[in-house]
Amino acid sequence: MEARLNLFASPVAAKFTKHIVAAGRSLADSTLPTATQELVKLRASQINGCGFCTDMHTKDATAEGETSVRLNLVAAWREATVFTDAERAALELTEQGTRIADAAGGVTDECWANAAKYYDEEQLAALVCCISIINAFNRGNVIVQQPAGAYRPGQFA
C-alpha cells in the first residue's frame, strides 16, 4: 500500500508532526511507566486500525524489553492474566477514551475511579495525554493510509 499523501514532504504536515512528536516527548519525563505507555499506544492503534502505529509501538515496546507474550495478548487484555491491575485500568481507560463515539457519555466514572486507584494525578494526566496523542496519530495515518511495516526504529527520535 502506498500512502495517499507524503506527510514528510508537506511543510504543513511536517510542522504539525514536529509539534505533536514534541508533545509526545513530554511523556518521557512523566512517572507513567514506559511499558504502560507502549501498551496504551498499541491498544489504541489496534482499535483504530492503524497498522503503521501498531507496527511502530510493537517494535518500540520490544526495544524497551516488552515480551512477545504480553504484546500478543494486548487485544485480549480482559481475558489475559499477564497484565497488572494498574495496566488493566490503563487499558480500560484507553479503550473508553478511544471509542468515544461508541459509548454514550465517553469515559465512565467507574473507569476513571479504577484508574485513579493505581495512578496519581500526574500519571493520570500523562495517561490522558498519551491516549490523546496516539489517537491523533492514528487518525492521521489511517486517513492517508500510511503503510504498516514502514516504521524504522528511531525514525522520530
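Each residue takes its place number in the sequence, starting with 1. Computed from heavy atoms alone, side chains included, the values below leave out hydrogens, waters and symmetry copies.
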Side chains of residues 69-76: which donor-acceptor partners sit under 3.5 Å, not counting sequence neighbours?
residue : atom : partner : partner atom : Å
Arg70   : NE   : Glu66   : OE2          : 2.5
Arg70   : NH1  : Val82   : O            : 2.7
Arg70   : NH1  : Glu87   : OE1          : 2.9
Arg70   : NH2  : Glu66   : OE1          : 3.4
Arg70   : NH2  : Glu87   : OE1          : 3.4
Arg70   : NH2  : Glu87   : OE2          : 2.7
Asn72   : ND2  : Ser68   : O            : 3.0

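From Ser45, atom OG reaches atom CZ of Phe137 across 10.5 Å, with rounding to the nearest 0.5 Å. Expressed to the nearest 0.5 Å, how far CG of Asn135 lies from CZ of Arg139 amounts to 4.5 Å. Taken to the nearest 0.5 Å, the SG atom of Cys50 stands 7.5 Å off from the CE atom of Met56. In this structure, Asn138 CG and Thr98 OG1 are separated by 7.5 Å, a value rounded to the nearest 0.5 Å. To the nearest 0.5 angstrom, Tyr119 atom OH is 9.0 Å from Leu124 atom CG.
Smallest separation of non-hydrogen atoms from Val40 and Cys130: CG1-SG, 3.9 Å. Listed here is the closest heavy atom pair of Glu95 and Ile47: CG-CD1, 3.6 Å. Across every non-hydrogen atom of Asn48 and Val142, the tightest pair is O-CG2, 3.6 Å. Of all heavy-atom pairs spanning Leu27 and Ala126, the tightest one is CD2-O, 3.5 Å.
No side-chain donor-acceptor contact under 3.5 Å links Arg88 to the backbone of Phe83. No donor-acceptor distance shorter than 3.5 angstrom exists from the side chain of Tyr118 to the backbone of Asp85, with no hydrogens or angles considered. A donor-acceptor contact shorter than 3.5 Å links the side chain of Thr62 to the backbone of Thr58. Asp55 places no side-chain N or O within 3.5 Å of a backbone atom of Gly51 that could act as its donor or acceptor partner. In terms of modelled atom types and a separation under 3.5 Å, the side chain of Asp120 and the main chain of Glu122 share a donor-acceptor contact. Looking at Arg43, its side chain never comes within 3.5 Å of a backbone N or O of Thr94 through a donor-acceptor pair.
Shown are Gln37, Glu38, Lys41; of these, the side chain to side chain donor-acceptor pair (under 3.5 Å) with His57 is made only by Glu38.
Cluster annotation: Ile131 is not connected to Ile133 through the hydrophobic network of ILVMFWY side chains, with a link wherever side-chain heavy atoms come within less than 4.5 Å. With hydrophobic clusters built from ILVMFWY side chains whose heavy atoms lie under 4.5 angstrom apart, Leu93 does not share a cluster with Trp77.
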Stepwise side-chain contact (heavy atoms from CB on, under 4.5 Å) test for Lys117 and Asn114: CA-CA 5 Å; Lys117 288 190 319 192; Asn114 189 41; 3.1 Å; yes

Gln46/Leu42 under side-chain contact (heavy atoms from CB on, under 4.5 Å): CA gap, chis, key distance, verdict: CA-CA 6 Å; Gln46 291 171 335; Leu42 179 55; 4.0 Å; yes

Worked verdict on Trp112 versus Gln96 for side-chain contact (heavy atoms from CB on, under 4.5 Å): CA-CA 10 Å; Trp112 183 263; Gln96 288 192 20; over 6 Å; no

